[in-house]
**Student:** 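Handing you a structure now.
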Amino acid sequence: MLISTLRLVLSLLCLMLVSGCGQDEDASIAESTVARQTIESDPGTPRQAARPHPIANRSPLGYLRRQQGSSARNEPLTDAARELLPTDAEVWCWDKRIWSRAVQLANRVTRRRYDVYFAGIADLYAFEIHLDGWVCRELENVGRRADGERELALADALNVFVHETRHLSQTGSNEATTTCTALQRIPAATKALGASEQRGKELAHIFWEEIYSTLPAEYRSDKCLPGGELDEDPGDPDFP
């Protein structure tokens with residue numbers, strides 16, 4: 001009964017670096033169940049308040065919540081998330097020690113056959129986004145151009161961040177759809193973070209060309225392509 005409750009409450013995103021990872025069916029079901037209660041990003045939609053959050057002793061979200069302090073709340077990312085969503089979301093960044101413990105608990109709760117790495121966790125009850133510290137550090141450099149692996153890391157971090165915001169929207173119940181939507185909204189997120197949309201388009205193209213094809217199968221879709229069903233602007237040949 002404890003495990004069933006935890007699976008229902010816990011919505012986990014597993015978006016890795018290029019090495020990738022797997023996700024089992026139970027985690028997907030948990031995300032789909034909770035995501036039905038969320039709303040789409042519509043400027044006309046009233047902003048929602050956070051719902052009461054049932055904290056389970058072994059839940060990584062419960063663990064993160066017990067560690068929360070004002071220093072872990074990231075104000076620039078919180079402001080950016082609120083520009084992308086009609087909810088008063090909050091973004092929290094964690095150091096390696098705390099995040100490693102949360103990942104261990106996430107794997108224990110979902111009873112995975114093998115451990116996986118989570119770069120971010122979206123809490124659909126409290127409207128909170130929890131991120132591994134490297135994601136937040138990379139996003140501090142969104143306006144600075146770099147070469148090679150640093151640009152890849154920044155593109156990856158942007159997609160993690162936007163992906164998590166999409167988990168707080170109506171499109172967040174399916175990983176492949178969420179990934180494709182997030183990919184196309186990287187320019188908007190880049191602008192919300194203080195850089196130009198053109199910079200965001202460059203980074204979105206890097207993610208599309210260098211990282212997207214390396215993601216686990218459940219994070220990719222044959223409908224995510226120029227003119228495809230998941231193309232949000234099929235009239236524009238410049239995808240994403």
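FYI, the numbering just counts along the sequence from 1. All values derive from a computational prediction rather than experimental measurement.
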**Student:** For Ala89 versus Leu168, what's the shortest heavy-atom pair and its separation?
**Tutor:** CB-CD1, 4.0 Å

**Student:** Should Asp132 and Tyr117 be marked as a side chain to side chain donor-acceptor pair (under 3.5 Å) after you check the CA-CA gap, both sets of side-chain angles, and the distance that decides it?
**Tutor:** CA-CA 10 Å; Asp132 191 343; Tyr117 160 69; 2.9 Å; yes

**Student:** May I ask you to test the Glu232-Thr181 pair for a side-chain heavy-atom distance under 4.5 Å?
**Tutor:** yes

**Student:** Quick one: side chains of residues 138-145, donor-acceptor pairs under 3.5 Å with protein atoms, not counting sequence neighbours, listed by atom name and distance.
**Tutor:**
residue : atom : partner : partner atom : Å
Glu138  : OE2  : Arg150  : NH2          : 3.3
Asn141  : OD1  : Arg144  : NH1          : 2.3
Arg145  : NE   : Glu202  : OE1          : 3.3
Arg145  : NH2  : Glu202  : OE1          : 3.1
Arg145  : NH2  : Glu202  : OE2          : 2.8

**Student:** Inspect the surroundings of CD in Glu229 and state if more than 12 heavy atoms from other residues, nucleotides or ligands are less than 6.0 Å away.
**Tutor:** no

**Student:** Going from CG on Leu154 to CZ on Phe207, what distance comes out if it is rounded to the nearest 0.5 angstrom?
**Tutor:** 12.0 Å

**Student:** Please enumerate all residues that pass side-chain hydrogen bond (donor to acceptor under 3.5 Å, both in side chains) together with Gln68, with sequence neighbours excluded.
**Tutor:** Glu128

**Student:** Which value, rounded to the nearest 0.5 Å, describes the distance between Asn107 atom CG and Phe118 atom CZ?
**Tutor:** 5.0 Å

**Student:** Over all heavy atoms of both residues, which pair between Asn174 and Thr177 is shortest? Give the atoms and the distance, please.
**Tutor:** OD1-N, 2.8 Å

**Student:** Do the side chains of Asp231 and Lys223 get close enough for a salt bridge, i.e. N-O under 4.0 angstrom?
**Tutor:** no

**Student:** I'd like to check the side-chain hydrogen bond (donor to acceptor under 3.5 Å, both in side chains) partners of Asp222; sequence neighbours left out, ordered by chain and number.
**Tutor:** none

**Student:** Just grab all the ring pair (Phe, Tyr, Trp, His ring centres under 6.0 Å) pairs involving residues 220-240, residues at least two apart or on different chains.
**Tutor:** Trp208-Phe239

**Student:** With salt bridge (charged side-chain N to carboxylate O under 4.0 Å, His left out) as the criterion, how do Lys201 and Asp238 come out once you've worked through the C-alpha distance, each side chain's angles and the decisive distance to 0.1 Å?
**Tutor:** CA-CA 9 Å; Lys201 289 180 180 179; Asp238 188 23; 5.2 Å; no

**Student:** Does a side chain donor of either Glu164 or His130 reach within less than 3.5 Å of an acceptor in the other side chain?
**Tutor:** no

**Student:** Rounded to the nearest 0.5 Å, what separates atom CZ in Arg166 from atom CG in Leu183?
**Tutor:** 12.5 Å

**Student:** Hey, what do you get for CD (Glu175) to CD (Glu218), rounding to the nearest 0.5 Å?
**Tutor:** 7.5 Å

**Student:** State the CD-CG distance between Glu209 and Leu152, to the nearest 0.5 angstrom.
**Tutor:** 10.5 Å

**Student:** Quick check: closest heavy atoms across Ile121 and Pro60, and the distance to 0.1 Å?
**Tutor:** CD1-CB, 4.5 Å

**Student:** Give, for atom CZ of Arg66 and atom CD1 of Ile98, the distance between the pair rounded to the nearest 0.5 Å.
**Tutor:** 11.5 Å

**Student:** Once side-chain hydrogen bond (donor to acceptor under 3.5 Å, both in side chains) is applied, do any residues pair with Glu149, and if so which ones, sequence neighbours excluded?
**Tutor:** none

**Student:** The criterion is side-chain hydrogen bond (donor to acceptor under 3.5 Å, both in side chains); which residues satisfy it with Glu151, sequence neighbours excluded?
**Tutor:** Arg199

